[in-house]
Every structure is written in C-alpha cells, then in structure tokens.
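Inspection log for the structure reproduced underneath, given as structure tokens.
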Amino acid sequence: MSEKLILAYSGGLDTTIAIRWLKENYDVEVIAVLIDLGQPDNLKDAYERALSTGASKAYIIDAKDEFIRDYIYPSLMANAKYEKKYTLATAIARPLIAKILVDFAKKENATMIAHGCTAKGNDQVRFDVGIRSLNPDIKIIAPMRLWKLSREEEIEYAKKNNIKINVTKKKIYSIDENLWGRSIECGNLEDPWSEPLEEIYKWSKITKNEKDSEYIEIDFDHGVPVKLNNNKLNSVDLILEINKIAGAYGIGRLDMVENRLIGIKSREIYEAPAAEILLESHKQLESLVLDRELTHYKYMIEDKISEMIYYGLWFTPLMNCLMKFIEESQKFISGTVRIQLAYKSFTVVGRKSQHSMYDYGLATYDKNDTFDPKFSENFIKIWGYPYEILAKKGRKNG
C-alpha cells in the first residue's frame with residue numbers, strides 16, 4: 001500500500017504538475033490541501049484540478065479568521081515590518097499553512113508533506129522549519145528544489161501529461177496573495193532599475209483623481225482594529241474594506257530590494273493598503289498611550305519579531321516569549337485614529353484615547369501652560385554632570 005503524502009496545494013502550475021511528479025517518483029497517495037487565506041483564486045476550480053491531476057483527496061480549508069486572529073493581528077500589535085518596510089503578508093501566512101499541513105498529516109496518517117517552494121526563496125525555510133518544529137518525524141519533499149524546470153518546461157510537461165492548468169507562457173509575473181498583502185515578482189521586475197508597469201497593480205489600481213482626498217477613522221481595542229468609520233465590522237470585512245477604500249488612491253505600494261534569508265538580494269513589489277494604514281495607525285495610537293521607556297524598548301522587540309517572522313521562526317521559544325511581551329503591551333491600546341487619504345499617500349491627522357498620556361497643560365506654550373520651568377535647569381545640570389566632569393578633566397568629547 002502506498003504511503004500518504006499531504007501536498008500544500010495552491011492550484012497553480014508548480015503544485016499542479018507536482019501531483020503527477022510525486023506519484024511517479026515516490027509512489028505515494030497524494031492528498032491536496034487548499035488553504036483559503038483570502039486569495040482571490042477560484043478554489044473550487046483548483047479543487048477539481050487537483051483531483052483530475054491525480055490527487056486521491058482534496059480539501060478546501062477556510063482559515064481566514066484564524067489567520068487574522070493568530071497571525072495578522074499579533075504581527076500588527078508588534079508593528080512588524082521586515083527591514084522596516086515589508087509588511088510580511090506572505091511570511092506570516094506560512095506558519096499557519098505549516099500548522100494545518102501537520103494537522104492533516106495526523107488526520108490522514110500521512111508520513112510525508114510536500115510544498116511547491118523553490119530553492120532560492122524564503123518560503124522553503126518557513127515551511128520546512130515550521131513543519132519540523134511541529135512534527136520532526138514528518139518527511140518533507142520539495143519537488144521544485146529537486147526538479148528544476150523553467151516555466152516553459154513546466155507548461156510543456158503539463159501538456160505532455162494532459163494536465164489541466166490555468167496559466168500560459170504570456171503570464172510572466174509570479175503572484176502571491178492573501179488578506180494582508182499581495183506580492184509580485186519575475187518578468188522585468190527582476191531588474192531593479194526597471195520601473196514597474198502600472199498593469200501589475202491590482203489592489204492599488206488608481207481610480208481617484210490627484211486632487212481627491214477623504215478621511216477615515218479606525219477604532220482599536222487592546223491593539224486590535226474593531227471599527228471603521230464608527231461601523232463595527234468583522235475582521236475580514238474590515239481589512240477588505242480598507243484595502244478597497246485606500247487602494248483606490250494608489251496607497252499601499254512598495255518597491256524594495258530586500259535581503260532574503262538565504263543570502264541573496266531580491267527586488268520585490270508589494271501591495272498592502274490595509275496593512276500599511278493599520279500598522280501606521282496602530283503605531284500612532286501607541287505613541288499616545290505608552291510611556292517613553294516601553295515605547296523605545298518595544299522598537300527593539302519589533303525589529304527582532306519582524307526578522308523572526310521573515311526567517312520562519314514562528315514556532316520557537318523566543319517568539320513565544322516576545323509575543324507575550326507584545327500582548328502585555330497592548331492592555332491600554334484602545335482609541336481612535338483619524339487618517340487622511342490622498343493621491344498615493346496617507347497621513348495620520350488625529351489620535352485619541354481614554355488612556356492617553358498626553359497632557360495639554362504640560363505640552364502647550366499658551367496661557368494654560370502648567371509646566372513649572374524652575375525644575376528644568378536643575379534637571380539639565382544633573383543630567384549633564386558626567387560630561388561636565390570629563391571636560392574639567394580635559395577629556396572633552398570623551
């Protein structure tokens with residue numbers, strides 16, 4: 001009897017031809033698992049394609065709510081951006097996918113898990129480390145690491161084996177989408193000097209005029225967005241609605257050269273209107289509520305968490321400890337942020353919270369000023385004592 005293998009199936013070219021390749025080379029029963037994280041693909045078509053290609057079973061798993069609750073919102077509370085730019089949409093999806101694959105392997109008594117990652121990407125690390133962290137006894141197979149074919153060769157393989165695919169040689173871009181963001185790679189984008197064509201953008205396709213603008217308000221409760229323009233929405237609808245509203249202005253585009261985990265640089269194009277707005281809004285609300293020492297220390301924690309997410313280290317003791325710190329820091333991050341949307345830009349123009357540390361009497365310079373200036377000179381004297389003493393010893397500038 002053939003061993004069972006769980007395949008992380010997207011419905012795309014790589015994982016579709018992998019079904020046939022895995023059966024030919026490993027004599028396994030392939031079970032395809034399609035995980036819905038908000039990608040726009042027709043998963044029903046992908047489901048049928050998996051079965052027609054040779055999968056013995058196929059499952060469609062709606063994991064959108066879990067994705068937001070356990071991965072997107074914790075990363076939002078950590079203001080997570082890799083290299084202070086990338087909002088980590090693809091990276092935070094991988095540990096959840098790995099978890100679901102391991103769960104299905106247990107359910108189906110499967111001994112192997114396969115994914116469609118290449119040897120040059122970050123996702124292979126995220127999948128492999130995530131799976132092994134949850135079940136070190138599972139054998140991992142990555143066909144695209146072992147079977148190096150060009151896109152054209154993959155299409156020819158599909159035709160030769162009568163495999164139904166939904167791609168053509170003209171589709172030159174590699175796209176990955178979920179609720180938190182959309183990434184675009186390949187084609188002319190591989191030249192970092194080449195300007196992206198407007199046609200590549202989908203979420204941030206501009207329908208507004210250059211002079212258009214509008215305001216939106218987002219309410220947070222313990223670090224989590226709960227209302228948009230005073231309307232309470234479920235988490236999926238809130239993110240989708242902000243994507244729609246902000247994307248019409250061309251907001252959320254990112255063009256960057258990033259340092260991949262495996263050591264090479266890659267030029268990446270991202271679209272993430274809701275992620276960009278929510279991350280900045282959350283950070284601005286924190287600036288109103290958190291004290292200076294917690295704010296500054298949290299910056300360091302945020303950078304570390306962002307790296308660990310990017311590096312595929314979600315299921316680790318350090319990540320667990322750091323996330324407990326983040327959760328504790330969000331006790332009082334409740335309030336409202338007001339944002340102005342404009343052509344290809346947005347600005348946080350207002351923030352308020354019942355837990356605000358902002359004291360108007362101390363901050364103002366008008367007649368309502370309650371700050372006592374007599375304390376400043378003595379404070380500065382004490383603060384600067386070490387450097388005054390150094391100067392007296394002839395050790396200026398240290």
Where the side chain of [X] meets the backbone of [Y], is there a donor-acceptor pair that is under 3.5 Å apart?
X      : Y      : result
Glu271 : Gly252 : no
Ser329 : Ile326 : yes
Asn178 : Trp180 : yes
Glu241 : Leu238 : no
Glu3   : Thr111 : no
Ser356 : Val289 : no
Asp221 : Val224 : no
Asn229 : Glu217 : yes
Ser75  : Ile72  : yes
Asn209 : Asp212 : no

Can a donor-acceptor pair be found between the side chains of [X] and [Y] at a distance below 3.5 Å?
X      : Y      : value
Thr16  : Tyr9   : yes
Asn188 : Asp191 : no
Lys227 : Asn231 : no

(Q) Between Leu34 and Ile61, is the side chain to side chain contact (heavy atoms under 4.5 Å, CB included) condition met? List the steps. (A) CA-CA 6 Å; Leu34 298 92; Ile61 308 301; over 6 Å; no
Should [X] and [Y] count as side-chain neighbours, where that means a heavy-atom distance under 4.5 Å?
X      : Y      : result
Lys4   : Ile31  : yes
Asn320 : Lys324 : yes
Lys244 : Trp203 : no
Ile245 : Glu214 : yes
Met112 : Ile140 : no
Arg132 : Asn135 : no

(Q) For a side chain to side chain contact (heavy atoms under 4.5 Å, CB included) check, start with the C-alpha distance between Met323 and Glu327, then their side-chain angles and the critical distance, and finish with the verdict. (A) CA-CA 6 Å; Met323 281 304 187; Glu327 182 180 358; over 6 Å; no
Check whether [X] and [Y] end up in the same hydrophobic cluster, where Ile, Leu, Val, Met, Phe, Trp and Tyr are linked by side-chain heavy atoms less than 4.5 Å apart.
X      : Y      : result
Leu22  : Met144 : yes
Leu51  : Tyr59  : no
Tyr358 : Val337 : yes
Leu5   : Val33  : no
Tyr82  : Phe127 : yes

Q | Residue pair Lys57, Glu29: steps toward the salt bridge (charged side-chain N to carboxylate O under 4.0 Å, His left out) verdict | A | CA-CA 9 Å; Lys57 297 179 185 177; Glu29 177 186 340; 5.4 Å; no
Q. Among pairs that include at least one residue of residues 261-280, which meet ring-ring contact (aromatic ring centres under 6.0 Å, His included), considering only residues two or more places apart or in two chains?
A.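 Sorted result for residues 261-280: Tyr86-Tyr270.
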Q.
Do Lys283 and Tyr299 form a cation-pi contact, if we require the NZ or CZ to be under 6.0 Å from the six-membered ring centre and within 45 degrees of the ring's axis?
A. yes
Q) When rounded to the nearest 0.5 angstrom, what distance separates CD1 in Ile184 from CD in Glu199? A) 11.5 Å
Q: Look up atom CG in Leu43 and atom CZ in Arg49, then write down how far apart they are to the nearest 0.5 Å.
A: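 If we round to the nearest 0.5 Å, Leu43:CG and Arg49:CZ are 10.0 Å apart.
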Identify whether the distance between the nearest side-chain nitrogen and carboxylate oxygen of [X] and [Y] falls below 4.0 Å.
X      : Y      : answer
Asp303 : Lys84  : yes
Lys331 : Glu328 : yes
Lys85  : Glu268 : no
Lys381 : Glu388 : yes

Please check if the number of heavy atoms outside [X] that lie under 6.0 Å from its [atom1] is greater than 12.
X      : atom1 : value
Phe332 : CZ    : no
Glu307 : CD    : yes
Arg145 : CZ    : yes

Q: Check the pair Met319 / Leu313 against side chain to side chain contact (heavy atoms under 4.5 Å, CB included), numbers first and verdict last.
A: CA-CA 7 Å; Met319 180 66 86; Leu313 300 176; 5.7 Å; no
Listing, residues 342-353 side-chain donor-acceptor contacts under 3.5 Å, not counting sequence neighbours, or none:
{"unit_1": "Arg351", "atom_1": "NE", "unit_2": "Gln284", "atom_2": "OE1", "d": "3.4"}
{"unit_1": "Arg351", "atom_1": "NH2", "unit_2": "Gln284", "atom_2": "OE1", "d": "2.5"}
{"unit_1": "Ser353", "atom_1": "OG", "unit_2": "Ser334", "atom_2": "O", "d": "2.5"}
{"unit_1": "Ser353", "atom_1": "OG", "unit_2": "His355", "atom_2": "N", "d": "3.0"}

Provide the closest heavy-atom pair for [X] versus [Y] in the form atom of the first, atom of the second, distance.
X      : Y      : answer
Ala110 : Ile6   : CB-CG1, 3.7 Å
Ala80  : Ile309 : CB-CD1, 4.2 Å
Ala142 : His115 : CB-CE1, 3.5 Å
Leu285 : Thr336 : CD1-N, 4.4 Å
Pro74  : Ile68  : CD-O, 4.0 Å
Phe220 : Pro225 : CD2-N, 3.6 Å

Q. Can you name the residues that form a side-chain contact (heavy atoms from CB on, under 4.5 Å) with Asn122, not counting sequence neighbours?
A.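 In terms of side-chain contact (heavy atoms from CB on, under 4.5 Å), with neighbours along the sequence ignored, Asn122 is linked to Arg126, Glu258, Arg260, Leu261, Tyr310.
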Q: Could you list the residues that satisfy side-chain contact (heavy atoms from CB on, under 4.5 Å) with Asp366, not counting sequence neighbours?
A: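 With sequence neighbours excluded, Asp366 shows a side-chain contact (heavy atoms from CB on, under 4.5 Å) to Tyr360, Thr364, Asn368, given in chain and number order.
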Q) Tell me the salt bridge (Lys or Arg N to Asp or Glu O under 4.0 Å) pairs involving residues 90-102, sequence neighbours left out? A)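 Qualifying pairs: Glu66-Lys99, Arg94-Asp123, Arg94-Asp176, Lys99-Asp103.
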Q: For residues 285-298, pull every pair meeting side-chain hydrogen bond (donor to acceptor under 3.5 Å, both in side chains), keeping only residues two or more places apart or in separate chains.
A: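 For residues 285-298: Asn79-Glu286, Glu286-Lys298, Glu286-Gln330, Lys298-Glu302.
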**Q.** Test log, rule side chain to side chain contact (heavy atoms under 4.5 Å, CB included), inputs Val129 and Ser133
**A.** CA-CA 6 Å; Val129 174; Ser133 297; 3.9 Å; yes
**Q.** Parallel, tilted or perpendicular: rings of Trp21 and Trp147 (30°, 60°)
**A.** parallel
Q: Test salt bridge (charged side-chain N to carboxylate O under 4.0 Å, His left out) on Glu198 and Arg253 and set out the steps.
A: CA-CA 11 Å; Glu198 192 67 24; Arg253 297 180 180 183; 2.5 Å; yes
